[in-house]
**Student:** 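Once you've had a glance at the structure underneath, I'll fire off some questions.
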Amino acid sequence: MSHILEMKARRAELAAEVNALAQLEAAGTELSAEQLADIEAKQKEFDELGAKINRAEAAEHMAASAATQVETLRVQGAPPASAYVPDAR
């Protein structure tokens, strides 16, 4: 499983765990200080994972775009970048 999918799966787990505690509270159960701290920690991890996922997806998108550009240049007959020799004037 890709790292992005692993992070998304963990994020879904966190959301389900927070939702379960929120449902308890909504049903009238008084949450303990430990449960409240657990919710806050899970929310923080959820947000951090979201930011990491966004960065990883952006990096993948950039890599794919760059690869497409290189392939397009090859199809158009451009020489490889290593073949470029600047004019020594």
**Student:** With rounding to the nearest 0.5 angstrom, report the OG1 to CD distance, T29 to Q23.
**Tutor:** 11.0 Å
**Student:** Once you round to the nearest 0.5 Å, how far does CD1 of I53 lie from CE of M7?
**Tutor:** 5.0 Å
**Student:** Could you tell me whether E45 and K42 have a side-chain N and a carboxylate O separated by less than 4.0 Å?
**Tutor:** no
**Student:** Closest heavy-atom contact between L49 and R11?
**Tutor:** CD1-N, 4.0 Å
**Student:** What I'd like to find out is whether the side chain of R10 reaches to under 4.5 Å of the side chain of E6, using heavy atoms alone.
**Tutor:** no
**Student:** Hey, what do you get for CG (D47) to NZ (K52), rounding to the nearest 0.5 Å?
**Tutor:** 12.5 Å
**Student:** Cluster question for you: counting only ILVMFWY and a side-chain heavy-atom cut-off of under 4.5 Å, with indirect links fine, are L14 and I4 together?
**Tutor:** yes
**Student:** Can you give me the closest heavy-atom contact between L21 and D38, atom names plus distance?
**Tutor:** CD1-OD2, 3.9 Å
